Amino acid sequence: MLSLKRRVVIIEVQMQMNKSKISLTLLLTLLTLLTLCFPGSASSALSRLGSATSDPRRLSTGKHREIGGALPVGNSGPFGAGSVLARTLDDVIEDINDALEDFNDAIEDLEEGSIEEASLLLEEGYSLLEREQYGRAKPYFQQSLSIGREIGNRGLEGASLIGLGLVYAGQGQYEQGKSYLQQSLKIGREIGNRDLEGLSLFGFGGVYLEQGQYERAKSYLQQSLKIGREIGNRDLEGLSLFGFGGVYLEQGQYERAKSYLQQSLKIGREIGNRDLEGLSLFGFGGVYLEQGQYERAKSYLQQSLKIGREIGNRDLEGLSLLGFGAVYLELEQYERAKSYIQQSLSIAREIGARSLEGNSLLGFGDVYLELEQYERAKSYIQQSLSIAREIGARSLEGNSLLGFGDVYLELEQYERAKSYLQQSLKIGREMGDRELEGDSLLGFGKVYLELEQYERAKSYLQQSSKIGWEIGDLDLAGNSLLGFGNVYLELEQYERAKSYFQQSLQIAREINNLELETMAQEGLQRSNQRLF
């Protein structure tokens with residue numbers, strides 16, 4: 001199963017001008033105390049208050065009587081100059097207002113400079129994040145977070161926290177990732193920034209999707225979708241719909257997946273979001289690939305590939321190329337499959353996209369398994385498994401373990417095959433990935449068929465067949481029927497064997513699975529030979 005990448009939308013940080021301005025009365029008091037007690041310490045920005053207040057000693061010596069006329073002599077000391085302050089209060093207040101304006105301008109200039117710097121940091125962080133360069137992205141988000149907190153800009157703080165949350169989630173550190181997303185969600189709600197709130201919820205949906213906790217993923221995506229629609233944020237709305245498509249694709253509910261992908265595709269085109277458009281098209285390619293409709297899959301993948309190249313989205317380009325590799329693998333055009341997979345692997349390594357790299361390596365493993373080059377297959381599968389565990393990609397890990405199960409089944413090392421299949425089955429069930437679960441059960445059925453434990457084989461094949469029909473995975477259903485045919489062939493129940501082979505053959509032709517078609521025909525021939 002190809003892992004759908006969700007492009008992170010860079011948050012446009014809105015300046016939170018909610019700093020408390022110093023009131024005129026408080027500022028006047030502070031400035032008076034400063035100049036009275038520390039005459040040489042006033043900053044240059046405050047020197048514009050003029051000579052009347054810059055040196056309080058002049059108030060007690062009478063040397064600045066020209067400002068306000070005759071002063072009553074005898075009120076010595078700094079606080080005895082009340083009459084002067086009273087007579088010049090309008091001028092002083094005007095000077096203070098000018099100084100206050102300069103002071104606020106200086107603060108705003110400082111904030112604007114900090115915001116500009118932080119925005120560049122965020123942009124670079126998200127750029128690295130979408131290429132899955134998590135280690136390199138983290139310092140950028142940490143720096144922007146520090147600036148946000150220093151200047152009290154909570155929107156900037158929240159945007160940085162989302163980035164850190166996605167960094168840790170991408171590294172498989174899901175609890176830390178969720179901790180940061182929780183903080184950004186809290187900020188979004190506290191300051192009433194619904195865009196920030198919605199994107200935080202969408203982030204949670206993505207994390208739970210990666211963890212295979214599909215119901216929780218859907219819950220958060222539903223909340224982000226609701227916010228997107230309420231505030232008219234169509235990017236967020238489209239992303240949330242795309243997220244639902246990814247969830248239902250992972251669950252094998254292909255018609256529901258297509259419904260959500262169609263909505264996200266429509267929005268992407270309406271608002272000119274070509275990344276969303278391209279990802280939605282890629283999603284359709286994945287659905288039709290799973291359904292065995294290879295020509296339709298290629299059509300959508302060609303569109304997503306074109307968009308990826310036009311907008312310079314190399315991640316989308318790499319995913320589309322990998323999709324083509326999967327299509328040609330199913331069509332048994334192995335050289336073409338390898339060519340596309342190699343291109344996707346090269347892009348993955350160039351941009352540091354570890355998940356894409358792992359899936360490309362697993363694709364090579366599948367190709368060499370079909371070519372019966374088992375040592376090469378194991379080498380590639382081991383590399384994909386290592387990456388999966390390094391980044392915490394459980395779907396990739398489960399499919400890599402399943403790949404090892406298939407290899408050892410072909411090598412007739414049945415105990416090793418069962419060990420790997422047990423691990424992939426466990427992950428499939430924990431994640432709710434019914435396709436992985438079904439494929440693992442099918443593997444067990446094949447193992448017990450080879451071990452001549454036919455009742456156990458039928459039990460596992462029954463389970464895999466049920467899942468195949470429930471999720472609309474005709475390839476899984478067809479291979480399960482083929483397994484039943486082989487079981488009854490070995491039990492010398494040839495009429496029952498023929499029935500299952502015929503059903504398998506019908507599905508194979510329907511989904512254009514050439515390998516399954518060939519095996520079903522061979523099963524029918526063997527059954528007929530033994531009957532007559």
Side-chain angles (χ1 to χ4, degrees), residues 252 290 292 330 332 366 369-370 372 374 398-399 401-426 428-429 433-532:
E290 292 298 324
E330 293 297 322
E332 300 182 17
D366 290 337
L369 173 61
E370 293 297 323
E372 300 182 2
Y374 301 121
N399 280 286
L401 292 165
L402 178 64
F404 271 120
D406 289 337
V407 168
Y408 285 112
L409 173 61
E410 294 297 324
L411 292 173
E412 300 181 2
Q413 299 182 34
Y414 301 122
E415 291 307 312
R416 296 194 73 175
K418 285 195 291 181
S419 173
Y420 282 105
L421 290 169
Q422 187 58 51
Q423 294 176 69
S424 66
L425 178 61
K426 182 172 184 284
R429 285 174 169 167
D433 186 335
R434 303 210 70 203
E435 182 184 19
L436 178 59
E437 180 185 1
D439 286 338
S440 301
L441 291 165
L442 176 62
F444 272 112
K446 293 177 180 178
V447 167
Y448 285 114
L449 172 61
E450 294 298 325
L451 293 172
E452 300 180 5
Q453 298 182 35
Y454 301 123
E455 291 307 311
R456 296 194 73 174
K458 286 193 290 182
S459 173
Y460 280 104
L461 291 169
Q462 183 61 47
Q463 295 176 68
S464 65
S465 176
K466 181 181 178 183
I467 290 175
W469 289 116
E470 286 178 351
I471 67 176
D473 188 337
L474 295 181
D475 184 80
L476 176 59
N479 275 286
S480 299
L481 291 167
L482 179 71
F484 272 115
N486 285 320
V487 167
Y488 286 113
L489 184 63
E490 294 299 321
L491 291 172
E492 299 181 1
Q493 299 181 35
Y494 303 123
E495 287 298 335
R496 295 194 72 175
K498 281 179 60 180
S499 173
Y500 282 107
F501 286 133
Q502 286 169 340
Q503 294 177 67
S504 178
L505 178 61
Q506 182 180 353
I507 290 175
R509 287 172 173 167
E510 182 179 340
I511 64 176
N512 195 31
N513 187 324
L514 301 180
E515 181 182 18
L516 179 59
E517 180 179 357
T518 299
M519 290 189 293
Q521 287 176 330
E522 290 175 350
L524 277 173
Q525 290 174 357
R526 290 200 305 273
S527 298
N528 286 325
Q529 288 171 355
R530 295 185 185 183
L531 272 172
F532 304 105

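Values in this document were obtained by computation on a predicted structure and should not be read as measured data.
- By the ring pair (Phe, Tyr, Trp, His ring centres under 6.0 Å) test, Phe404 is found to be paired with Tyr420, residues two or more places apart in sequence or in another chain being considered.
- Note that the CD atom of Glu510 and the CD atom of Gln506 stand 7.0 Å from one another [nearest 0.5 Å].
- Scanning for side-chain hydrogen bond (donor to acceptor under 3.5 Å, both in side chains) contacts around Asn486 gives Arg526, with sequence neighbours left out.
- A donor-acceptor pair is defined here as one N or O able to donate and one able to accept, closer than 3.5 Å; no such pair exists between the side chain of Ser465 and the backbone of Gln462.
- For the pair Ser464 and Gly438, the tightest heavy-atom approach, listed with the atom from each and the gap, is CB-O, 3.5 Å.
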Verdict with supporting geometry, Asn399 and Leu436, side-chain contact (heavy atoms from CB on, under 4.5 Å): CA-CA 7 Å; Asn399 280 286; Leu436 178 59; 4.0 Å; yes
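- Taking every heavy atom of both residues into account, Gly405 and Ala417 meet most closely at O-CB, 3.6 Å.
- Atoms NZ and OG, from Lys426 and Ser440 in turn, are 12.5 Å apart once rounded to the nearest 0.5 Å.
- Residues satisfying the side-chain contact (heavy atoms from CB on, under 4.5 Å) criterion with Asn513, sequence neighbours excluded, are Glu330, Asp475, Ile511, Glu515, Leu516.
- Legend: residues meeting salt bridge (charged side-chain N to carboxylate O under 4.0 Å, His left out) with Glu517, ordered by chain and number and at least two apart, are Arg509.
- Atom CD of Gln493 has more than 12 heavy atoms from other residues, nucleotides or ligands within 6.0 Å.
- Scanning for salt bridge (charged side-chain N to carboxylate O under 4.0 Å, His left out) contacts around Glu415 gives Lys418, with sequence neighbours left out.
- Phe444 CZ to Leu461 CG: the interatomic distance, rounded to the nearest 0.5 Å, is 12.5 Å.
- The side-chain heavy atoms of Phe501 and Leu481, taken from C-beta on, include no pair separated by under 4.5 Å.
- Leu441 CG to Lys466 NZ: the interatomic distance, rounded to the nearest 0.5 Å, is 11.5 Å.
- Looking at heavy atoms from C-beta onward, Ile467 lies out of side-chain contact with Asp473 at the 4.5 angstrom threshold.
- Cation-pi geometry between Arg530 and Tyr494 is not met at under 6.0 angstrom from the ring centre and within 45 degrees of the axis.
- With sequence neighbours left out, the salt bridge (charged side-chain N to carboxylate O under 4.0 Å, His left out) criterion links Arg429 to Glu437.
- How far OG of Ser499 is from CD of Gln502: 6.5 Å, rounded to the nearest 0.5 Å.
- A 4.5 Å side-chain heavy-atom check between Tyr500 and Val487 finds every atom pair outside the cut-off.
- With values rounded to the nearest 0.5 angstrom, Tyr488 atom OH is found 13.0 Å from Ser527 atom OG.
- Ser504 approaches Ala520 most closely through the heavy-atom pair OG-CB, 4.0 Å.
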